[in-house]
Amino acid sequence: MNLVNLKDEQQQVSFTDAVKTGLGRNQGVFFPTDLRKLDNIDALLELPFAERSTEILAHLIGDELPKDTLAEMVTRAFNFSVKLEKVDSKNYCLELFHGPTLAFKDFGGRFMAECVGLFNQGERVTILTATSGDTGAAVAHAFYNKPNVDVVILYPEGKISLAQQKLFTTLGGNIHCYAVNGSFDDCQALVKQAFLDDELKSKLGLNSANSINISRLVAQVCYYFEALAQLPKAERDNVHISVPSGNFGNVCAAMIGSVIGLPIKKLSATTNQNDTVPRFVTSGNWDPKATLESLSNAMDVSKPNNWPRVQSMIDSDKFDKHDFYSRSISEQVTASVMQDIANLGYIAEPHTAIAYEGLKLDQDDNSTGIFLATAHPAKFKESVEEVLNQQISMPDVLQSALDKACLAQPLEADYKQLKAAMFETLLVS
Ligand SMILES: *Cc1c(COP(=O)(O)O)cnc(C)c1O
């Protein structure tokens, strides 16, 4: 796989180098230069999930990774199920929350851990990542106790749910967490700054696990194929997918899937009240505002890192801009849609409800809708119970994390403090 830095086309790298460096020069993200179509999608959709995912990843990554190695990585990384549940007469919910930390980020986090383990053999690595709620847990669990790896996680203090937070701040060992006095965008800005710091980069072997890392994105392409594979054949021709979007990595993976041949007729990237992209799509002005706290906190992002990738596919006509929709859903509508879905007999947390509403707003009469359930409702127990006025049960993994103490250190949104804290924690060990 050859990738180009979208801010500096002089910089071209292999998949291995893109995984190891995360972000390119001038804070540019890497994007594949050549996304070829897969042949025989119908036959591919007949294969079991792991086998099909190996084929898709082999197609995307190319001969940098031997296929049998890739097959083993896929088997270890995707060791949990994907479920497609029918919710109303023509719409299905794609449940991506059956992994160890109960959110879709397990797919990307676990595959990235496999890649880093393979590429950095013996070398010391520090994974530095900002989380808007669910990446932290996925990455922490994926790298927990892996040799030669330290993980540093920054999260906005008080702005993520307790369940989300406890899933990573209670692990200890090689997982180091900082509760930042600021927003997710502040955390993301600290990470970007760290990547401009050559001293930190070289002393700690810095890598990023955000969805800017290409290994996470390619992994996520696989479950869009699984969604269509689980649909009845007669319903595969006119599919509309709606992705609840924050940093726009997940919808970017859907679009890559479409570019390489998955028949997706319409794609909706639906945001909460942090609506930088929906406003941009309507007005052409990129005008991020201050980040607002929402029920769907994992999407409280106003400067989505992955947007340049999505835009590059639209600008180059690899994906038809008329088939791309981006709407913003208010807090009030989010809550009322959660109730509507509950009336259909399905419990959805806020992100999932936003995806459902985004789908309904732009759906054609004769299309089949698939909206993504990106997290388990129990991860948002407080808001789900309050909105629906009913108790929901806690899966064991969440309950045991909630019972443990938080080990995170407080940190101001200040790069000097972060650097000092990282050197102090990591250079001695
Ligand atoms: C991260 C996350 C999102 C947003 O995904 P992006 O790839 O950042 O757009 C949506 N829902 C949940 C539950 C998440 O954790």
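Numbering of ligands and ligand atoms starts at 1, following listing order. On a predicted model such as this, the values are computed, not experimentally measured, just so you know.
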Student: For atom 6 (P) of ligand 1, which candidate among N247, T101, I160 provides the closest heavy atom?
Tutor: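 Shortest heavy-atom distance from atom 6 (P) of ligand 1: N247.
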
Student: side-chain hydrogen bond (donor to acceptor under 3.5 Å, both in side chains) for S245 and T271? Distances and angles first, verdict last.
Tutor: CA-CA 5 Å; S245 297; T271 71; over 6 Å; no

Student: Report, as yes or no, whether the 6.0 Å neighbourhood of atom NZ on K303 holds more than 12 heavy atoms from other residues, nucleotides or ligands.
Tutor: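 Not buried by this count: 12 neighbours or fewer within 6.0 Å.
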
Student: For ligand 1, which atoms have a heavy atom of G249 less than 4.0 angstrom away?
Tutor: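 This gives 6 (P), 7 (O), 9 (O) as the contact atoms.
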
Student: Any nitrogen or oxygen of T374, main chain or side chain, under 3.5 Å from a nitrogen or oxygen of ligand 1?
Tutor: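 It does: an N or O of T374 is found under 3.5 Å from an N or O of ligand 1.
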
Student: Record the part of K105 in heavy-atom contact with ligand 1 below 4.0 Å; permitted values are side chain, backbone, both and neither.
Tutor: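 Side chain only.
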
Student: Could you list which atoms of ligand 1 come closer than 4.0 Å to a heavy atom of A298?
Tutor: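 Ligand 1 atoms under the 4.0 Å threshold to A298: 2 (C), 12 (C), 14 (C), 15 (O).
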
Student: Mark up the atoms of ligand 1 that fall under 4.0 Å of a heavy atom belonging to A375, in ascending order.
Tutor: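 Here the atoms of ligand 1 in question are 13 (C).
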
Student: Taking the basic N atoms (NZ, or NE/NH1/NH2) and the acidic carboxylate oxygens, is any pair closer than 4.0 Å for E349 and K381?
Tutor: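 Looking at K381 together with E349, the answer is no, because their closest N to O distance does not fall below 4.0 Å.
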
Student: Determine whether H98 and V82 satisfy the following criterion, side chain to side chain contact (heavy atoms under 4.5 Å, CB included), listing intermediate values before the conclusion.
Tutor: CA-CA 7 Å; H98 298 288; V82 176; over 6 Å; no

Student: Say whether F248, considering both its backbone and side-chain N or O atoms, lies within less than 3.5 Å of an N or O atom on ligand 1.
Tutor: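 The answer is yes, given that F248 and ligand 1 share an N or O pair closer than 3.5 Å.
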
Student: Under 4.0 Å, counting heavy atoms only: does F104 come that close to any atom of ligand 1?
Tutor: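 Contact check F104 vs ligand 1: positive.
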
Student: Any N or O on D134 sitting closer than 3.5 Å to an N or O of ligand 1?
Tutor: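 There is such a contact, yes.
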
Student: Under the criterion side-chain hydrogen bond (donor to acceptor under 3.5 Å, both in side chains), I'd like the reasoning laid out for N272 against E331: C-alpha separation, chi angles, the key distance, then a yes or no.
Tutor: CA-CA 7 Å; N272 63 22; E331 291 295 276; 5.4 Å; no

Student: Geometry only, no angles: is M299 polar-contacting ligand 1 at N/O separations under 3.5 Å?
Tutor: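 No, since none of the N or O atoms of M299 sits under 3.5 Å from an N or O of ligand 1.
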
Student: What part of K379, side chain, backbone, both or neither, has a heavy atom within less than 4.0 angstrom of ligand 1?
Tutor: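 Neither; no heavy atom under 4.0 Å.
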
Student: For residues I347 and V384, report the shortest heavy-atom separation together with the two atoms involved.
Tutor: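 The pair with the smallest heavy-atom distance is CG2-CG1, 4.1 Å.
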
Student: Can you tell me how far CZ of F107 sits from OG of S53, rounded to the nearest 0.5 angstrom?
Tutor: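 Those atoms lie 8.5 Å apart.
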
Student: By number and element, which atoms of ligand 1 are closer than 4.0 Å to a non-hydrogen atom of H351?
Tutor: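 Heavy-atom distances to H351 below 4.0 Å select 10 (C), 11 (N), 12 (C), 13 (C).
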
Student: C252 and L217: which non-hydrogen atoms are nearest, and at how many Å?
Tutor: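 Answer, listing the atom of C252 first, then L217: SG-CD1, 3.9 Å.
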
Student: Decide whether an N or O pair under 3.5 Å exists between S245 and ligand 1.
Tutor: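 N/O-N/O distance under 3.5 Å: no.
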
Student: Using the side chain to side chain contact (heavy atoms under 4.5 Å, CB included) rule, take E226 and R52 through it: C-alpha gap first, then chi angles, then the decisive distance, then the call.
Tutor: CA-CA 9 Å; E226 178 64 13; R52 180 187 333 107; 2.8 Å; yes

Student: State the atoms of ligand 1, each with its element, that fall below the 4.0 Å cut-off from a heavy-atom position in N250.
Tutor: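 This gives 7 (O) as the contact atoms.
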
Student: Main chain of T101, side chain of D106: is a donor-acceptor contact present, judged purely on distance under 3.5 Å?
Tutor: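 Yes: the side chain of D106 pairs with the backbone of T101.
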
Student: Would you say P244 touches ligand 1, if touching means a heavy atom closer than 4.0 Å?
Tutor: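 In this structure, P244 qualifies as a contact of ligand 1 - some heavy atom is under 4.0 Å.
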
